[in-house]
Amino acid sequence: MKICVVCCLLAGSLAFGQSPAILTPGSPVKPAPPAATPADIPPDTIVAKANGKNLTAADVKKLTSGLPPNVETAYQQNPKKVLGTLLMMRYLSDLAVKNGDDQKSPTKEQLEFQTRSFLAQTEINVQANAVKVTPEEEQKYYADNKAKYESAKIRVIYLPFVAKTDSKPDESAKKSMSEAEAKAKAEDLVKKIRAGGDFVKAVHENSEDEDSKKKDGEYGSIKRTDTIPEEIMTAVFTAKAGTITDPVRQNNGFYIFRVDEKSPIPFAEVREKIYNDMKQTRFREFMEGIQKQYDVEVANPAFFAPKPPAPAAGTFTVK
């Protein structure tokens, strides 16, 4: 019952902190009158009272330090309500310790699990932040992996297709190709262009991408670091400058790319990404090492076999 009460108290405070009057978009916000910041108020100043006792600024600061983000937000929106909840939680938890509830099962084991879980996550954050990458290491990584940091200026021919449906096609609509038709046409275009055909002419006669079509198929530049489907990335960056790719299938059609030119991305533009990539790689290696160290080998499978569920209350089992 105590757990339910505490949860309800905290939930009530958080809900209060999310009142519609505060969070409704577009609602007028009245500017609060100027007030002294906590830093301007001496620590021994009495700022509140509860249960017949005075609370100084130092007392409140200690009680509200290290709050989870959602509780901190609720506190900022309604400090009186949340402070009351925190005081009640402190009273009940102190009472639990006084009564020895923290040493009884399963509370004792649950507290230990929660403590270890919190400390483990804290150490994960500490280790992640502790990973160091020097400027020299960044430069070496860039030099050793220049292929990862390229840009390509491309042109495109887009041939859309429609998936088969059971519905009757709209006779007044523009005729669209099936996937098989679009694939055959794309392969034929690639063959003709590689045999000496004019790519720009093929753009104007076949491409359905109106924006690039107006610019002779010019799409612009893409980078290895862009968020683009892997199939397109692979096709473009494995092709040599001045050549065209094989047709690349996507869900909406086939694409044929011509790579006009390729060039390395300047180090300054990708330095931050290199730094983050190296930190993530080193931290991942650290975590994988720990996981490998504690990879469990089951010596007795019977011990870990799922146990049958206990009979529901009020039911009888027949032997």
Side-chain angles (χ1 to χ4, degrees), residues 141-274 276-278 280-281 284:
Y141 186 89
Y142 175 76
D144 293 343
N145 297 274
K146 279 192 173 180
K148 293 177 61 176
Y149 302 104
E150 280 187 314
S151 67
K153 189 175 181 181
I154 60 176
R155 296 178 189 269
V156 63
I157 296 173
Y158 170 53
L159 303 173
F161 61 77
V162 292
K164 290 183 178 180
T165 61
D166 295 332
S167 58
K168 186 177 180 181
D170 184 357
E171 297 296 337
S172 62
K174 182 179 178 180
K175 186 178 184 300
S176 298
M177 291 183 289
S178 66
E179 180 175 346
E181 290 171 335
K183 181 180 180 182
K185 184 172 182 178
E187 291 174 343
D188 184 58
L189 281 173
V190 167
K191 184 177 179 180
K192 289 178 179 178
I193 295 170
R194 285 176 176 169
D198 189 324
F199 185 90
V200 173
K201 182 180 179 182
V203 168
H204 288 285
E205 292 178 350
N206 300 279
S207 183
E208 294 293 338
D209 180 27
E210 295 301 326
D211 289 337
S212 63
K213 190 174 182 177
K214 294 174 184 176
K215 298 178 288 185
D216 295 338
E218 184 178 336
Y219 182 86
S221 295
I222 63 172
K223 301 176 182 178
R224 279 274 195 181
T225 53
D226 290 340
T227 304
I228 292 175
E230 185 58 33
E231 300 90 348
I232 294 178
M233 282 291 193
T234 300
V236 169
F237 286 101
T238 55
K240 294 181 179 180
T243 65
I244 65 171
T245 68
D246 289 334
V248 180
R249 184 194 181 281
Q250 294 292 286
N251 291 334
N252 58 344
F254 285 91
Y255 293 82
I256 303 169
F257 299 97
R258 188 177 83 179
V259 181
D260 287 349
E261 62 181 68
K262 296 170 77 172
S263 58
I265 305 172
F267 173 70
E269 291 185 23
V270 293
R271 182 174 184 177
E272 183 177 355
K273 177 170 176 56
I274 290 174
N276 291 329
D277 287 349
M278 292 185 71
Q280 290 174 6
T281 298
R284 183 172 62 251

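In what follows, residues are counted from 1 in the order of the sequence shown.
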Using side-chain heavy atoms (C-beta onward) and a distance below 4.5 Å, is [X] in contact with [Y]?
{"X": "His204", "Y": "Asp216", "answer": "yes"}
{"X": "Lys183", "Y": "Met177", "answer": "no"}
{"X": "Phe237", "Y": "Lys262", "answer": "yes"}

Roughly how far, to the nearest 0.5 Å, is the [atom2] atom of [Y] from the [atom1] atom of [X]?
{"X": "Arg258", "Y": "Ile154", "atom1": "CZ", "atom2": "CD1", "answer": "11.5 Å"}
{"X": "Asn206", "Y": "Lys201", "atom1": "CG", "atom2": "NZ", "answer": "10.5 Å"}
{"X": "Ile244", "Y": "Lys191", "atom1": "CD1", "atom2": "NZ", "answer": "13.0 Å"}
{"X": "Ser151", "Y": "Glu261", "atom1": "OG", "atom2": "CD", "answer": "7.5 Å"}
{"X": "Glu208", "Y": "Ile157", "atom1": "CD", "atom2": "CD1", "answer": "11.5 Å"}
{"X": "Glu231", "Y": "Arg249", "atom1": "CD", "atom2": "CZ", "answer": "9.5 Å"}

Which atoms form the tightest heavy-atom contact between [X] and [Y], and what is the distance?
{"X": "Ala186", "Y": "Ile256", "value": "O-CD1, 3.6 Å"}
{"X": "Arg224", "Y": "Lys148", "value": "CB-O, 2.8 Å"}
{"X": "Asp226", "Y": "Met233", "value": "O-CE, 3.2 Å"}
{"X": "Phe199", "Y": "Ile193", "value": "CD1-CD1, 3.8 Å"}
{"X": "Tyr141", "Y": "Met278", "value": "CB-SD, 3.7 Å"}
{"X": "Val259", "Y": "Lys240", "value": "CB-O, 3.9 Å"}

Applying side chain to side chain contact (heavy atoms under 4.5 Å, CB included), can you list everything that pairs with Asp188, at least two apart in sequence or on another chain?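 Testing Asp188 for side chain to side chain contact (heavy atoms under 4.5 Å, CB included), a comparison that skips the adjacent residues, returns Lys192.
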Please enumerate all residues that pass side chain to side chain contact (heavy atoms under 4.5 Å, CB included) together with Lys273, with sequence neighbours excluded.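 With sequence neighbours excluded, Lys273 shows a side chain to side chain contact (heavy atoms under 4.5 Å, CB included) to Thr225, Asp277, given in chain and number order.
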Is the backbone N or O of Ser178 less than 3.5 Å from a side-chain atom of Glu181, with the two atoms forming a donor-acceptor pair by type?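 Confirmed, Glu181 side chain pairs with Ser178 backbone.
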Does Thr245 reach the main-chain N or O of Phe257 with its side chain, forming a donor-acceptor pair under 3.5 Å?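 Judged by distance alone, yes, a pair lies under 3.5 Å.
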Picking from Tyr255, Tyr219, Phe254, what satisfies ring pair (Phe, Tyr, Trp, His ring centres under 6.0 Å) with Tyr158?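 It is Tyr255, the one option of Tyr255, Tyr219, Phe254 that forms the ring pair (Phe, Tyr, Trp, His ring centres under 6.0 Å) with Tyr158.
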Arg155: side chain to side chain donor-acceptor pair (under 3.5 Å) partners, not counting sequence neighbours: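 Expected list: Asp260.
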Check against side chain to side chain contact (heavy atoms under 4.5 Å, CB included), Glu218 and Val203: CA-CA 10 Å; Glu218 184 178 336; Val203 168; over 6 Å; no
